[in-house]
Peer 1: 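Here it is: the structure, laid out below.
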Number of protein chains: 2
Amino acid sequence: MAKHYPDLSLLFHALADPTRRSILTRLAERPARVTDLAGPTGLRLPTVMRHLSVLEEAGLISTSKDGRIRTCAIVPEALDPARTWLDEQRAIWEARLDRLDAFVMNVMKERAE
Amino acid sequence: MAKHYPDLSLLFHALADPTRRSILTRLAERPARVTDLAGPTGLRLPTVMRHLSVLEEAGLISTSKDGRIRTCAIVPEALDPARTWLDEQRAIWEARLDRLDAFVMNVMKERAE
DNA sequence: ATAATGCTTAGCCATGTCGCTAACTATCGC
DNA sequence: GCGATAGTTAGCGACATGGCTAAGCATTAT
């Protein structure tokens with residue numbers, strides 16, 4: 001139990017930055033070139049490049065270069081590990097709450113007797 | 001549209017550290033004292049304290065002090081914004097994939113004629 | 001009252017992050 | 001070829017992060 005998820009840190013870290021999240025939602029509409037992505041952010045190209053490489057290392061986007069143009073696209077299944085972890089946690093956390101509920105109910109029942 | 005989620009950065013950042021995730025799963029079983037949490041990590045108390053304050057600022061745990069003992073507990077609903085965001089993204093991303101599918105199908109259909 | 005326990009604060013160090021500019025490379029359009 | 005365009009690399013500065021030690025404080029146990 002307690003799986004090891006080596007890439008969760010990369011994934012969550014990539015998602016922790018608002019600029020990167022906005023790039024992702026931008027890419028969700030359609031693939032885009034680096035310059036197109038830089039535009040709305042107001043950031044310089046090298047800065048955006050860095051964000052893109054963080055996203056790519058986290059597996060969230062894939063890029064390919066055609067001529068002088070690099071096109072970026074989302075990798076939809078990349079979010080799965082994060083979703084899975086969150087779901088697992090929620091399940092465990094809620095199970096604990098249920099046990100707590102049961103305990104409280106028991107105490108109340110005993111008191112009522 | 002495109003909600004603003006001010007705390008998503010804090011949340012994802014808190015989740016991006018393996019030590020903090022392990023503290024969370026530890027707390028999922030039952031509330032614990034600071035020293036109890038420090039034990040398994042092999043880290044010093046001040047270091048653990050810092051992690052705990054990051055978790056608390058992200059709203060993932062709540063702590064209370066009784067005498068000299070501080071007890072930490074998870075805040076189950078704290079994961080919701082992260083889950084919601086992930087779900088929204090997946091929905092958008094998949095919608096795009098569906099449109100892409102439709103487009104490809106159309107092209108194939110036209111070619112077949 | 002004193003000692004042990006549990007936490008907290010202050011501060012140090014190494015490293016990582018996020019922005020920038022400047023300069024460089026590689027295409028594309030003419 | 002030459003200039004404009006698109007991206008890349010190198011390196012800087014300010015600040016955040018994650019670890020530590022040392023010292024302090026408050027509470028509990030003896």
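Throughout, protein chains are lettered first and strands after them, A, B, ... in sequence-line order, and every chain is numbered starting at 1.
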Peer 1: Please report, rounded to the nearest Å, how far the P atom of D/dA16 is from the CG atom of B/Asp17.
Peer 2: 18 Å
Peer 1: B/His13 versus B/Arg20: any side-chain heavy-atom pair under 4.5 Å?
Peer 2: yes
Peer 1: So among A/Leu27, A/Val75, A/Thr25, A/Ile74, which one has a side chain to side chain contact (heavy atoms under 4.5 Å, CB included) with B/Trp93?
Peer 2: A/Ile74
Peer 1: Check the phosphate of C/dG19 against A/Arg44, side-chain N and O only, distance under 4.0 Å to OP1 or OP2. Yes or no?
Peer 2: no
Peer 1: For every nucleotide of nucleotides 25-30 of chain D, 5' to 3': is a protein heavy atom under 4.0 Å from its base (B), only from its sugar-phosphate (S), or from neither (-)?
Peer 2: --BS--
Peer 1: Does D/dT17 have its OP1 or OP2 closer than 4.0 Å to a side-chain nitrogen or oxygen of B/His13?
Peer 2: yes
Peer 1: Under 4.0 Å: is that the gap between some side-chain N or O of B/Arg33 and OP1 or OP2 of C/dG6?
Peer 2: yes
Peer 1: How long is the line joining CG of B/Leu43 and P of D/dG18, in whole Å?
Peer 2: 11 Å
Peer 1: Output all residues satisfying side-chain hydrogen bond (donor to acceptor under 3.5 Å, both in side chains) with A/Asp80, sequence neighbours left out; order by chain, then residue number.
Peer 2: none
Peer 1: Could you give the distance from OG1 (B/Thr19) to CG (B/Leu24), rounded to the nearest 0.5 Å?
Peer 2: 11.0 Å
Peer 1: When you check the phosphate oxygens OP1 and OP2 of D/dA6, does a side-chain N or O of A/Arg70 lie under 4.0 Å from one of them?
Peer 2: no
Peer 1: Considering only distance and modelled atom types, tabulate donor-acceptor pairs under 3.5 Å from the side chains of residues 60-72 of chain B, sequence neighbours left out.
Peer 2:
residue : atom : partner : partner atom : Å
B/Thr63 : OG1  : B/Glu56 : OE2          : 3.3
B/Thr63 : OG1  : B/Arg70 : NH1          : 2.7

Peer 1: Which label fits A/Trp85 and A/Phe12: parallel for a plane angle under 30°, tilted from 30 to 60°, or perpendicular past 60°?
Peer 2: perpendicular
Peer 1: What parts of residues 46-63 of chain B reach DNA chain D, counting only heavy atoms under 4.0 Å away?
Peer 2: B/Pro46, B/Thr47, B/His51
Peer 1: Mind checking what makes side-chain contact (heavy atoms from CB on, under 4.5 Å) contact with A/Pro18, not counting sequence neighbours?
Peer 2: A/Arg21, B/Ser9
Peer 1: Of all residues at least two apart in sequence or in a different chain, which pass the side-chain hydrogen bond (donor to acceptor under 3.5 Å, both in side chains) check with A/Thr47?
Peer 2: none
Peer 1: Can you tell which of C/dG19, C/dT8, D/dT8 lies closest to the side chain of B/Leu45?
Peer 2: C/dT8
